[in-house]
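This report refers to the structure that appears directly beneath it.
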Amino acid sequence: MDKVLDSPARAVEDIPDGATLAVGGFGLCGIPSTLIHALVTAGTSGLRVVSNNCGVDDWGLGLLLRAGRIARMTSSYVGENKEFARQYLSGELEVELTPQGTLAERLRAGGAGIPAFFTPAGVGTQVEEGGLPWRYAADGSVALASPPKEVREFGGRRYLLEEAITADYALVRAEVADRHGNCVFNAAARNFNPLCATAGRITVVEADRIVEPGELPPDAIHLPGVYVDRVVAADPADRRIERRTVQLRSTHTLTPNAPVSTNSTTPQGS
């Protein structure tokens with residue numbers, strides 16, 4: 001079955017307001033930025049997004065956030081987005097913070113049909129006890145707090161019950177996909193992308209390169225096409241570097257056995 005569509009707009013046109021999205025990527029690495037742009041253009045709102053983080057102020061999921069399209073985020077790291085902090089603290093955005101490994105396993109369990117699992121992560125903290133602010137009121141009080149979690153003991157150690165995550169749609173970025181939806185991810189971009197893909201009821205993949213069926217060696221495939229419903233070509237220019245680190249060339253004259261002095265700077269990349 002050929003799953004390739006001719007435009008990102010077609011790939012996301014049936015995503016309704018209020019849908020739950022599982023969005024792959026980590027920081028700005030491996031994010032489905034082409035599909036996110038298409039959602040921004042479509043005007044879809046009230047979205048409930050599950051993703052490791054929410055992009056930055058002017059890129060990735062940060063574009064949907066800035067436009068007021070996200071109602072709820074389930075994430076593990078949100079420290080690079082000032083607008084995210086503003087919306088959360090002002091009560092405009094509901095946020096469920098989840099330990100990163102737990103978030104990954106909740107998505108994996110959802111894709112595997114496992115409804116819940118026990119983990120030691122969060123034992124003895126507010127993750128266990130409840131009371132983490134999910135949403136603030138306009139006056140700064142807590143309008144909605146996390147509930148306590150069920151605890152059981154195995155082998156003399158306490159564990160928390162965590163529920164799996166499934167989503168109405170998953171948005172994923174791959175390096176290569178074939179027309180049947182089989183995908184290969186590049187290096188660190190193979191982070192949350194396969195997990196989100198399996199957790200989505202409808203999974204949409206944007207790929208840097210689309211090849212014909214049979215061109216990908218079976219042993220090289222990271223995500224089988226059975227999990228993928230739609231494939232679109234990613235915009236090759238649609239990339240950002242979150243932090244670019246460079247080392248300045250030393251201006252010192254080197255002499256034998258003399259110490260080497262270097263300077264480094266870490267500006268924000270673009």
Side-chain angles (χ1 to χ4, degrees), residues 1-16 19-42 44 47-55 59-61 63-64 103-104 106-108 110-113 165-240:
M1 178 187 296
D2 192 338
K3 299 177 181 179
V4 176
L5 300 181
D6 58 7
S7 73
R10 279 194 60 200
V12 302
E13 65 184 0
D14 63 340
I15 297 179
T20 301
L21 306 181
V23 180
F26 185 99
L28 298 185
C29 175
I31 65 169
S33 51
T34 305
L35 293 170
I36 291 171
H37 277 291
L39 270 180
V40 172
T41 301
T44 315
L47 296 169
R48 303 170 69 84
V49 180
V50 180
S51 188
N52 181 67
N53 56 293
C54 197
W59 202 253
L61 285 171
L63 296 175
L64 283 169
L103 179 62
R106 290 178 70 187
L107 287 163
R108 190 201 69 82
I165 292 175
T166 56
D168 301 320
Y169 293 80
L171 306 183
V172 171
R173 183 153 185 159
E175 181 183 27
V176 186
D178 68 19
R179 290 183 172 275
H180 290 171
N182 299 300
C183 296
V184 175
F185 301 95
N186 179 38
R190 187 184 173 187
N191 38 49
F192 279 90
N193 274 303
L195 300 172
C196 289
T198 61
R201 296 182 182 91
I202 296 176
T203 295
V204 187
V205 171
E206 62 176 74
D208 295 322
R209 185 161 59 95
I210 298 174
V211 300
E212 295 301 318
E215 289 191 45
L216 296 177
D219 286 346
I221 292 171
H222 299 143
L223 176 70
V226 67
Y227 292 108
V228 175
D229 299 279
R230 304 167 190 171
V231 177
V232 296
D235 181 350
D238 202 15
R239 292 175 178 271
R240 282 278 296 274

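Along the sequence shown, the residues carry numbers beginning at 1.
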Just by distance, do the side chain of [X] and the backbone of [Y] share a donor-acceptor pair under 3.5 Å?
X: T44; Y: V40; value: no
X: N191; Y: A188; value: yes
X: S51; Y: C54; value: no
X: T34; Y: D235; value: yes
X: K3; Y: D178; value: no
X: N52; Y: F26; value: no
X: R230; Y: A11; value: yes
X: N186; Y: A189; value: no

Any idea which heavy atoms bring [X] and [Y] closest together, and the distance?
X: N182; Y: G225; value: OD1-N, 2.7 Å
X: A197; Y: L223; value: CB-CD2, 3.5 Å
X: G60; Y: I36; value: O-CG2, 3.4 Å
X: V205; Y: C183; value: CG1-SG, 3.8 Å
X: A22; Y: A167; value: N-CB, 3.6 Å
X: A38; Y: V12; value: CB-CG2, 3.8 Å

Q.
For R179, is there an ion pair with E212 - N to carboxylate O distance below 4.0 angstrom?
A.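 Salt bridge: yes.
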Q. Are D208 and R173 ion-paired here, with the side-chain N under 4.0 Å from a carboxylate O?
A.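 Salt bridge: yes.
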Q. Side chain to side chain contact (heavy atoms under 4.5 Å, CB included) between V204 and V172: does it pass, once the steps are laid out?
A. CA-CA 6 Å; V204 187; V172 171; over 6 Å; no
Q. Going through the checks in order, is the side chain to side chain contact (heavy atoms under 4.5 Å, CB included) test met by V23 and I31?
A. CA-CA 7 Å; V23 180; I31 65 169; 5.8 Å; no
Can you tell me how far apart [atom1] ([X]) and [atom2] ([Y]) are? Round to the nearest 0.5 Å.
X: E206; Y: L35; atom1: CD; atom2: CG; result: 4.5 Å
X: H180; Y: I221; atom1: NE2; atom2: CD1; result: 11.0 Å
X: L107; Y: T166; atom1: CG; atom2: OG1; result: 9.5 Å

(Q) Test side chain to side chain donor-acceptor pair (under 3.5 Å) on R108 and T198; report intermediate values, then the result. (A) CA-CA 7 Å; R108 190 201 69 82; T198 61; over 6 Å; no
Does any part of the side chain of [Y], heavy atoms only, come nearer than 4.5 Å to the side chain of [X], both counted from C-beta?
X: L5; Y: V231; result: no
X: C196; Y: L171; result: no
X: I202; Y: D168; result: no

Q.
Exactly one of T20, T203, D14 should register a side-chain hydrogen bond (donor to acceptor under 3.5 Å, both in side chains) with Y169. Which one does?
A.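 Going through T20, T203, D14 one by one, the side-chain hydrogen bond (donor to acceptor under 3.5 Å, both in side chains) with Y169 is satisfied by D14 alone.
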Q: Look at the rings of F185 and H222 and say which category their plane angle falls in: under 30° parallel, 30 to 60° tilted, over 60° perpendicular.
A: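 Correct class here is parallel.
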